[in-house]
Amino acid sequence: MKARRLITPVVLVAVWEGASRVGVLPHEKLSPPSEVLAAAWRLSLDGTLGLHLMESLQRAFTGLLIGGTLALILGSVAGLLRIGDDLVDPVVQAARMLPHLGLVPLLIIWVGIGESLKVSLVALGAFFPIYLNTYAGIRDIDERLVEAARTCGLSALERVRHVILPGAMPSLFLGLRLAFAAGWLSLVVGEQVNGVSGIGFMMMEARDFSQTEIVVLGLLVYASLGLLSDLLLRTAERRALAWRRGLQAS
């Protein structure tokens, strides 16, 4: 069954390669997979790809950590406390209507065009999915379960640990998956703004020299990082929520 999931990607790559070889797709517009693979091998051997990849991973990790931590704190405060809901949620709900990638000119004025800009964009991209799903996960818990825990003598912290946290975990994992996707998207934009390293910078430099195979390689690296992070989160979710049985595809 898992092997069947590879059929469509393999067919698409084969069609892509074939179309390039017969001239349907001009090489200067879209390089074939064989040229992209050759570029990946060449850049891996000289260390260029590894250097840019490590820079991108560091920025992504820092931004996701900052944005995710802040989102968890504010989402928990707004979800658990009435005063937190009144003070925090209206501001966040208004702010999330702003396209965070559209804030690039303002962020350049605030934090400059260095590393802070790239990390800030990733943090903003990660913040809203985690906040919204943390808030919704807490608020969607059946109040009768909380009352039953209170009746059984559980303290406030024990109710959070044994009732609220397990109940909010499915929504929280969804928020994490969306946050990682938004974080990678934000990093693509951030690294193309006056960058000197990173996968995005590598793509922009290749564009100036019409090296479409490297541009495509950069896109594939971003896609692979997104797929890998999503796979790891899904694996962690299955293990953490082993008690939950969902609908299986037939």
Side-chain angles (χ1 to χ4, degrees), residues 50-80 84 88-89 91-93 95-96 98-104 106-108 110-138 160-161 164-166 168-202 218 221-241:
L51 176 63
H52 289 308
L53 179 59
M54 291 306 298
E55 290 288 338
S56 294
L57 288 174
Q58 182 178 354
R59 291 166 183 151
F61 178 78
T62 304
L64 287 165
L65 182 63
I66 295 173
T69 301
L70 185 60
L72 280 173
I73 294 173
L74 293 181
S76 299
V77 170
L80 293 170
V88 174
D89 192 61
V91 177
V92 175
Q93 294 295 343
R96 78 180 180 92
L98 299 173
H100 73 281
L101 294 179
L103 296 176
V104 171
L106 192 58
L107 286 174
I108 291 176
W110 288 349
V111 301
I113 55 177
E115 290 298 304
S116 298
L117 173 65
K118 301 166 183 59
V119 172
S120 297
L121 282 174
V122 176
L124 282 172
F127 174 84
F128 293 104
I130 295 179
Y131 171 87
L132 293 172
N133 282 277
T134 300
Y135 178 85
I138 293 173
V160 170
R161 177 184 176 185
I164 296 176
L165 181 59
M169 284 291 282
S171 184
L172 178 58
F173 269 108
L174 175 60
L176 285 171
R177 292 175 63 186
L178 294 174
F180 269 79
W184 291 121
L185 174 62
S186 303
L187 186 62
V188 174
V189 176
E191 289 187 334
Q192 294 180 3
V193 179
N194 197 47
V196 295
S197 63
I199 301 299
F201 166 76
M202 183 184 74
V221 169
Y222 278 127
S224 299
L225 290 173
L227 288 173
L228 179 60
S229 60
D230 191 69
L231 176 62
L232 293 175
L233 284 171
R234 290 176 65 180
T235 301
E237 181 180 10
R238 283 195 299 268
R239 294 184 177 182
L241 305 178

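For the single chain, residues carry numbers from 1 onward in sequence order.
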Do [X] and [Y] have side-chain heavy atoms sitting under 4.5 Å apart?
{"X": "Phe201", "Y": "His52", "answer": "yes"}
{"X": "Ile138", "Y": "Leu80", "answer": "yes"}
{"X": "Thr62", "Y": "Val122", "answer": "no"}
{"X": "Phe127", "Y": "Val92", "answer": "yes"}
{"X": "Leu172", "Y": "Asn133", "answer": "no"}
{"X": "Trp184", "Y": "Ser229", "answer": "yes"}
{"X": "Thr235", "Y": "Leu231", "answer": "yes"}

Decide if atom CD1 of Ile113 counts as having more than 12 heavy atoms of other residues, nucleotides or ligands within a radius under 6.0 Å.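 No, because the 6.0 Å sphere around CD1 of Ile113 holds 12 heavy atoms or fewer from other groups.
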
Take a 6.0 Å sphere around CD of Glu115 and say whether it holds more than 12 heavy atoms from other residues, nucleotides or ligands.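 For Glu115, atom CD is crowded (more than 12 foreign heavy atoms under 6.0 Å).
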
State, without any angle test, whether Glu191 and Tyr222 hold a side-chain donor-acceptor pair at a distance under 3.5 Å.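 Looking only at side-chain atoms, Tyr222 and Glu191 do form a donor-acceptor pair, the distance falling under 3.5 Å.
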
Between [X] and [Y], what is the shortest heavy-atom contact and its length?
{"X": "Ala78", "Y": "Tyr131", "value": "CB-OH, 3.5 Å"}
{"X": "Ile130", "Y": "Ala179", "value": "CG1-CB, 3.5 Å"}
{"X": "Gly198", "Y": "Arg59", "value": "CA-NH1, 3.7 Å"}

Nearest 0.5 Å, please: how far is [atom2] in [Y] from [atom1] in [X]?
{"X": "Ile164", "Y": "Met169", "atom1": "CD1", "atom2": "CE", "answer": "14.0 Å"}
{"X": "Leu187", "Y": "Glu55", "atom1": "CG", "atom2": "CD", "answer": "11.0 Å"}
{"X": "Leu103", "Y": "Leu121", "atom1": "CG", "atom2": "CG", "answer": "8.5 Å"}
{"X": "Lys118", "Y": "Gln192", "atom1": "NZ", "atom2": "CD", "answer": "10.5 Å"}
{"X": "Arg234", "Y": "Leu176", "atom1": "CZ", "atom2": "CG", "answer": "14.5 Å"}
{"X": "Leu117", "Y": "Trp110", "atom1": "CG", "atom2": "CH2", "answer": "12.0 Å"}

Between Ser186 and Leu124, does a side-chain contact (heavy atoms from CB on, under 4.5 Å) hold up when you go through it step by step? CA-CA 8 Å; Ser186 303; Leu124 282 172; over 6 Å; no

Apply side-chain contact (heavy atoms from CB on, under 4.5 Å) to the pair Leu132 and Gln93, showing each step before the final yes or no. CA-CA 9 Å; Leu132 293 172; Gln93 294 295 343; 3.5 Å; yes

Can you tell me if Ser56 uses its side chain to pair, donor with acceptor, with the backbone of Ile199 under 3.5 Å?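 Judged by distance alone, yes, a pair lies under 3.5 Å.
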
For the pair Leu65 and Phe61, evaluate side-chain contact (heavy atoms from CB on, under 4.5 Å) and give the outcome as yes or no after the intermediate values. CA-CA 6 Å; Leu65 182 63; Phe61 178 78; 4.3 Å; yes

Evaluate the criterion side-chain contact (heavy atoms from CB on, under 4.5 Å) for residue pair Leu51 and Ser197; output intermediate values, then yes/no. CA-CA 8 Å; Leu51 176 63; Ser197 63; 5.9 Å; no

